[in-house]
Novice: 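Would you mind keeping the following structure in view while I ask a few things?
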Amino acid sequence: MRLGLALGYWGRGPDPGHLALAREAERLGYDSVWTAEAWGSDAFTPLTWIAAHTSRIRLGTGVAQMAARTPTATAMHALTLDHLSGGRMMLGLGLSGPQVVEGWYGRPFPASPLTATREYVDTIRQVLRREAPVEVDGRFHPLPYRGADAVGTGRALKPITHPLRSALPVLLGAEGPKNIAQTTRVADGWLPLYWSPMRTDVYAASLTGLRAGFMVAPMARAKVCDDVAEGLLPVKAMLGFYIGGMGHAARNFHADLMGRMGFEDEARRVQELFLAGRKEEAVLAVPDAFADEISLVGPRERIAERLELWRAGPVTDLLVTAPDPHTLRVLADLNT
């Protein structure tokens with residue numbers, strides 16, 4: 001199982017420690033570093049900055065939001081950074097949810113998410129292969145565009161720049177069972193948002209027949225500390241925000257996933273509290289048991305024991321959100 005460093009997205013401003021963490025992760029032998037985006041900082045610019053200050057570690061977006069860019073624009077970002085980094089780029093994509101897609105990007109959330117995802121990935125694959133002008137007879141991402149409001153002079157194009165790698169890895173952040181199953185067919189890897197090594201049966205039906213080399217790369221908060229309850233507080237804060245605030249009361253993919261993992265009543269309670277403006281209570285209502293299952297928190301010996309559970313399943317890459325170099329070093333030592 002390879003280790004990766006997940007830096008996430010910026011909060012109020014850039015984190016001054018991110019570059020140092022990325023360079024330390026490379027020094028320690030971590031395989032990859034990942035950036036993200038929500039409705040603030042973008043995923044590609046920080047990754048490019050990290051690329052310029054490292055030489056070996058692979059670079060991933062975990063995840064870039066599909067609604068933020070047309071598939072050809074995303075492919076341009078990926079092939080450009082792949083060239084600049086010497087072939088280290090991995091493209092992680094996600095649909096996000098209706099609240100963000102319609103509220104931030106001003107686009108309709110696709111009525112058929114699986115079809116929209118499939119078209120998006122197909123377009124990117126065509127760009128990277130550069131075998132012919134890109135053409136997609138699609139419902140959501142048609143190329144050339146021939147809608148009722150089209151001028152009518154658009155034509156299929158090949159990228160001017162020759163991609164460095166036609167097989168640049170494309171990964172998907174999928175949560176629903178059908179979306180995960182499709183991911184195993186159309187992508188090179190899967191980026192689970194929550195993964196519990198104690199509940200791998202939740203995903204078993206969607207992960208049947210994985211082909212060789214397919215990446216299963218969940219993210220997990222890691223923190224070496226003496227007080228487990230205190231170490232879990234950032235995990236609970238993240239869960240409270242995602243389950244309570246990243247979606248509508250009637251349509252929240254994160255809350256639905258927590259429910260499928262055996263915590264349905266608790267997920268709805270967190271959501272109710274958050275949407276009522278009682279955010280601190282929502283965080284405290286996140287069950288310690290759930291937060292603990294999807295993270296690696298506590299003394300070194302406890303983390304070592306739990307790390308074996310992560311190794312025992314289908315996980316190929318563990319992407320850790322580690323807030324300090326000491327935790328990075330401990331995990332690197334334990335994973336050797």
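As the structure is a computational prediction, the values presented were derived from the model and not from experiment. Worth knowing before you read on, the calculation uses all heavy atoms, side chains too, and leaves out hydrogens, waters and symmetry mates.
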Novice: Please confirm whether the ring centroid of Trp195 lies under 6.0 Å from the ring centroid of Tyr203.
Specialist: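 Yes, ring centres under 6.0 Å apart.
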
Novice: Is the distance between the ring centroids of Tyr242 and Tyr194 under 6.0 Å?
Specialist: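 That pair fails the under 6.0 Å test.
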
Novice: Closest heavy-atom contact between Ala255 and Ile243?
Specialist: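 Minimum heavy-atom separation between Ala255 and Ile243: CB-CG2, 3.9 Å.
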
Novice: Could you identify which residues cluster with Val63, counting Ile, Leu, Val, Met, Phe, Trp and Tyr as linked when any side-chain heavy atoms lie under 4.5 Å apart, either directly or through a chain of such contacts?
Specialist: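 Noted: Val63 shares its cluster with Trp34, Met90, Leu171, Leu191, Met215, Met219, Leu319.
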
Novice: Got a salt bridge between Arg268 and Asp256, using NZ or NE/NH1/NH2 to carboxylate O under 4.0 Å?
Specialist: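 Looking at Arg268 and Asp256, the cut-off is met.
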
Novice: Mind checking the CZ-OG1 spacing from Arg221 to Thr327? Nearest 0.5 Å is all I need.
Specialist: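 It comes to 8.5 Å.
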
Novice: Mind checking salt bridge (charged side-chain N to carboxylate O under 4.0 Å, His left out) for Arg260 and listing every partner two or more places apart, or none if nothing turns up?
Specialist: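 Residues passing salt bridge (charged side-chain N to carboxylate O under 4.0 Å, His left out) with Arg260: none at all.
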
Novice: Does one side chain, of Thr70 or Tyr120, offer a donor that lies under 3.5 Å from an acceptor on the other?
Specialist: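 Absent: no donor and acceptor within the cut-off.
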
Novice: Quick test of your reading: applying salt bridge (Lys or Arg N to Asp or Glu O under 4.0 Å), list the pairs with at least one residue in residues 64-93, sequence neighbours left out, ordered by first then second residue.
Specialist: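 For residues 64-93: Glu37-Arg69, Asp82-Arg165.
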
Novice: Compute whether any side-chain donor of one residue and acceptor of the other, for Asn335 and Arg311, lie under 3.5 angstrom apart.
Specialist: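 Indeed, the side chains of Asn335 and Arg311 share at least one donor-acceptor pair under 3.5 Å.
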
Novice: Listed by chain and number, what are the salt bridge (charged side-chain N to carboxylate O under 4.0 Å, His left out) partners of Glu272, not counting sequence neighbours?
Specialist: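 Partners of Glu272 under the salt bridge (charged side-chain N to carboxylate O under 4.0 Å, His left out) test: Arg269.
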
Novice: Determine, using the 4.5 Å side-chain heavy-atom cutoff (strictly less than), whether Leu5 and Met1 are members of one ILVMFWY cluster.
Specialist: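 The answer is yes; both residues are in one hydrophobic cluster.
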
Novice: Closer than 4.0 angstrom, basic N to acidic O: yes or no for Glu131 and Lys158?
Specialist: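 No, this pair does not count.
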
Novice: Ignoring hydrogens, what is the shortest heavy-atom contact between Pro325 and Glu24? Give both atom names and the distance.
Specialist: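 Closest approach of Pro325 to Glu24: CB-CG, 4.4 Å.
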
Novice: Quick one: which residue pairs count as a salt bridge (Lys or Arg N to Asp or Glu O under 4.0 Å) with a foot in residues 41-67, not counting sequence neighbours?
Specialist: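 Matches after skipping sequence neighbours: Asp31-Arg58.
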
Novice: Does anything in residues 286-307 pair up under salt bridge (Lys or Arg N to Asp or Glu O under 4.0 Å), and if so which pairs, sequence neighbours excluded?
Specialist: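 Counting only pairs at least two positions apart or across chains, the salt bridge (Lys or Arg N to Asp or Glu O under 4.0 Å) contacts touching residues 286-307 are Arg199-Glu293, Lys236-Asp288, Asp292-Arg302, Asp292-Arg306, Arg300-Asp333.
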
Novice: Tell me yes or no: between the side chains of Arg23 and His53, is some donor less than 3.5 Å from an acceptor?
Specialist: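 Side-chain D/A pair, Arg23 to His53: absent.
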
